Amino acid sequence: MSKSLYREFYKFRHKKFTWIAPLLLLIFMIAISGYISARFLAVTTYDSTDAITILLVIMGATMFSMEFQNNAILTLLYKSRRAMAVYLNKFIIIFVYDLILHVLAIVFTFTLAATMRPVSWLSIYQYHQPLVVNMFLTTGVDIITSMLIISIVFVISTIINSNAVVVTLSIAVVFFGEYISSSLLANHSLLTAWVKWNPLNMTMLTHQYVYYAGYHETTLLTDPQITMGALTYILVFFALGYLIFRKKRF
C-alpha cells in the first residue's frame, strides 16, 4: 500500500491545479478582506470555508472521473490488486491536501491580519474564548465539514464518469444543500425528529459553529450533535463510495 500511496502523491503534486489552488485561495481571501469585520475575518480565516470546499470539490472530482475517462484506473487496480487500497489512497491524498489548504489559510490570515486588518488575538470573542482559539476551533470544525462534502463527492464520482457533471453536482450540494435541508425541516412535521439527521443538514456544521444562534434554529441540532452526525456520515459515504467503486465495471 505504501508504494501505491507514494504513486498517488507523485501524481497529485505534479498536477498544475495542486499548486494553483493555494494562489486562488489567497486571492479570494484578499478580495473579501474589505467587506467584513476584522474579528470575523480572523475567526473564519477570511471566510475561506467556501473557497477551500470548492477547490477540494474540483480536485476530488477529477481524482476519479479523469482516470475513469482515460482508463488509468485499470492500471492502478492492476498494480494495487486491491480496490480498497486504490480508494483509500485517494481519500488520504485529498484529506492531506485539505489539511494543507487549511494550514495555508491560517498562515494567510496571520499575514493579512498583520498587514491589512489588525486584530487583538487574545481578545474574547465567541464562546467566551480568545479570538485565536476561536480561529483554530473553526478551522478544525471546517476540516470535518469539508471532508463530509468530499466523501459525498467520492460517491458521486464513482457513479458518474463525467468530470463536469461530478463537479456541477458536487457544487450544487455545497450551495443548495443548506436550502434543501432547511426546506425539509420547515414543515415541522412528525418526521422532523428524523429528517434533521439528514446528511445535508450536517454540511452546515461550520456555519452553525460560527453563527450558532441563527443556524441552530435551522438545523435543530446542537454543535456536538451535528459534529457527531458529520463524522458518522463521513464513514457512511466512504463505505458507500467504496462499495460502488468495488462493484463498478470498467
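Since the model is a prediction, treat every value here as computed from it, not as a measurement.
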Side-chain atoms of residues 141-149: list all donor-acceptor pairs with protein atoms under 3.5 Å, sequence neighbours left out, distances to 0.1 Å.
{"from": "Asp142", "atom 1": "OD1", "to": "Thr206", "atom 2": "OG1", "distance (Å)": "2.9"}
{"from": "Asp142", "atom 1": "OD2", "to": "His102", "atom 2": "NE2", "distance (Å)": "2.7"}
{"from": "Thr145", "atom 1": "OG1", "to": "Val141", "atom 2": "O", "distance (Å)": "3.2"}
{"from": "Thr145", "atom 1": "OG1", "to": "Thr206", "atom 2": "N", "distance (Å)": "3.4"}
{"from": "Thr145", "atom 1": "OG1", "to": "Thr206", "atom 2": "OG1", "distance (Å)": "2.8"}
{"from": "Ser146", "atom 1": "OG", "to": "Asp98", "atom 2": "OD1", "distance (Å)": "3.2"}
{"from": "Ser146", "atom 1": "OG", "to": "Asp98", "atom 2": "OD2", "distance (Å)": "2.6"}
{"from": "Ser146", "atom 1": "OG", "to": "Asp142", "atom 2": "O", "distance (Å)": "3.0"}
{"from": "Ser146", "atom 1": "OG", "to": "Ile143", "atom 2": "O", "distance (Å)": "2.9"}

*What pairs with Leu26 under side chain to side chain contact (heavy atoms under 4.5 Å, CB included), at least two apart in sequence or on another chain?*
Ile30, Phe108
_Where Pro22 and Leu101 come nearest, the two heavy atoms and their spacing_ = CG-CD2, 4.3 Å
_Contact between Lys15 and Thr62 at the side-chain level, heavy atoms closer than 4.5 Å - yes or no?_
yes
*To the nearest 0.5 angstrom, please state how far the CG atom of Leu112 sits from the CD1 atom of Ile32.*
11.5 Å
*Keeping to residues at least two apart or across chains, list the side-chain hydrogen bond (donor to acceptor under 3.5 Å, both in side chains) pairs with something in residues 115-124.*
none
_Can you give me the closest heavy-atom contact between Leu41 and Ser33, atom names plus distance?_
CD1-O, 3.3 Å
*Heavy-atom side-chain proximity of Thr109 to Met29 below 4.5 angstrom*: yes
*asked:* Test side-chain contact (heavy atoms from CB on, under 4.5 Å) on Tyr179 and Leu200; report intermediate values, then the result.
replied: CA-CA 9 Å; Tyr179 172 77; Leu200 295 179; over 6 Å; no
*asked:* Let me check something: do Leu25 and Val107 share a hydrophobic cluster, defined by ILVMFWY side-chain heavy atoms less than 4.5 Å apart, either directly or through other members?
replied: no
*asked:* If the condition is side-chain hydrogen bond (donor to acceptor under 3.5 Å, both in side chains), which residues does Asn134 pass it with, not counting sequence neighbours?
replied: Gln129
*By side-chain hydrogen bond (donor to acceptor under 3.5 Å, both in side chains), which residues pair with Glu217, not counting sequence neighbours?*
none
_Among Val173, Val167, Val166, Thr168, which residue satisfies the side chain to side chain contact (heavy atoms under 4.5 Å, CB included) criterion with Ser170?_
Val166
*Rounded to the nearest 0.5 Å, what separation is found between the CE atom of Met202 and the CD atom of Gln225?*
8.5 Å
*Nearest atoms (heavy-atom pairs only) where Ser48 meets Phe28*: CA-CE2, 4.2 Å
*Measure the OG1-CG distance between Thr139 and Leu99 for me, rounded to the nearest 0.5 Å.*
11.0 Å
*asked:* Count I, L, V, M, F, W, Y as connected when their side-chain heavy atoms are under 4.5 Å apart, and connections chain through other members. Are Leu104 and Ile27 then in the same cluster?
replied: no
*asked:* Counting C-beta onward and ignoring hydrogens, is there a side-chain heavy-atom pair between Tyr212 and Thr222 closer than 4.5 Å?
replied: yes
*asked:* To the closest 0.5 Å, what do you measure between CG (Leu5) and CG (Asn89)?
replied: 4.5 Å
*Identify the two heavy atoms, one from Leu55 and one from Ala21, that lie closest to each other, and give their separation to 0.1 Å.*
CD1-O, 3.5 Å
*asked:* Taking NE2 in His14 as the centre, count heavy atoms belonging to other residues, nucleotides or ligands within less than 6.0 Å. Is the count above 12?
replied: yes
_Quick check for you: to the nearest 0.5 Å, what is the distance between His207 atom NE2 and Thr218 atom OG1?_
11.5 Å
*Using the test side-chain hydrogen bond (donor to acceptor under 3.5 Å, both in side chains), find all partners of Thr219 that sit at least two apart in sequence or belong to another chain.*
Gln208
*Flag the pair Leu243 / Arg246 as yes when at least one side-chain heavy-atom distance between them is below 4.5 Å, and no otherwise.*
yes
*Under the side chain to side chain contact (heavy atoms under 4.5 Å, CB included) rule, collect the residues that match up with Pro118, sequence neighbours excluded.*
none
N/O donor to acceptor pairs below 3.5 angstrom from side-chain atoms of residues 227-236, sequence neighbours left out:
{"from": "Thr227", "atom 1": "OG1", "to": "Asp223", "atom 2": "O", "distance (Å)": "2.8"}
{"from": "Thr232", "atom 1": "OG1", "to": "Met228", "atom 2": "O", "distance (Å)": "2.8"}
{"from": "Tyr233", "atom 1": "OH", "to": "Trp197", "atom 2": "O", "distance (Å)": "2.6"}

*Does Ile94 reach the side chain of Lys90, with side-chain heavy atoms less than 4.5 Å apart?*
no
_Aromatic centroids of Tyr209 and Tyr127 separated by under 6.0 Å_ = yes
*Grab the two heavy atoms, one from Gly60 and one from Ser157, that are nearest each other, plus how far apart they are.*
O-OG, 4.1 Å
*asked:* Would you say the ring centers of Tyr87 and Phe238 fall short of 6.0 Å from each other?
replied: yes
*Taking a hydrophobic cluster as the set of Ile, Leu, Val, Met, Phe, Trp and Tyr residues connected by side-chain heavy atoms closer than 4.5 Å, whether directly or through intermediates, do Phe91 and Val96 fall within one such cluster?*
yes
*Which pairs, with at least one residue in residues 19-32 and sequence neighbours excluded, count as a side-chain hydrogen bond (donor to acceptor under 3.5 Å, both in side chains)?*
none
*Residue pair Met135 / Thr45: nearest heavy atoms and the distance that separates them*: CG-CG2, 3.8 Å
*Any donor and acceptor pair, going by atom type alone, linking the side chain of Tyr242 with main-chain N or O of Leu88 inside 3.5 Å?*
no
*Who pairs with Val155 by side chain to side chain contact (heavy atoms under 4.5 Å, CB included), at least two apart in sequence or on another chain?*
Ile159, Phe237, Leu240, Ile244
*Is the gap between the ring centers of Tyr125 and Phe40 under 6.0 Å?*
no
*Roughly how far apart are Ile20 CD1 and Ile58 CD1, rounded to 0.5 Å?*
10.5 Å
_Connected via hydrophobic side-chain network under 4.5 Å: Val103 and Ile150_ = no
_Within a 6.0 Å radius of atom CZ on Phe176, are there more than 12 heavy atoms belonging to other residues, nucleotides or ligands?_
no
*Donor-acceptor contact present, side-chain Thr18 to main-chain Phe12, <3.5 Å*: yes
*Give a yes or no on this: more than 12 heavy atoms of other residues, nucleotides or ligands lie within 6.0 Å of atom CZ of Phe95.*
no
*Does any non-hydrogen side-chain atom of Leu131 lie less than 4.5 Å from one of Val43?*
yes
*side-chain hydrogen bond (donor to acceptor under 3.5 Å, both in side chains) partners of Ser181, counting only residues at least two apart*: Asn198, Asn201
*What residues join Ile124 in its hydrophobic cluster, counting side-chain heavy atom gaps under 4.5 Å, either direct or through other members?*
none
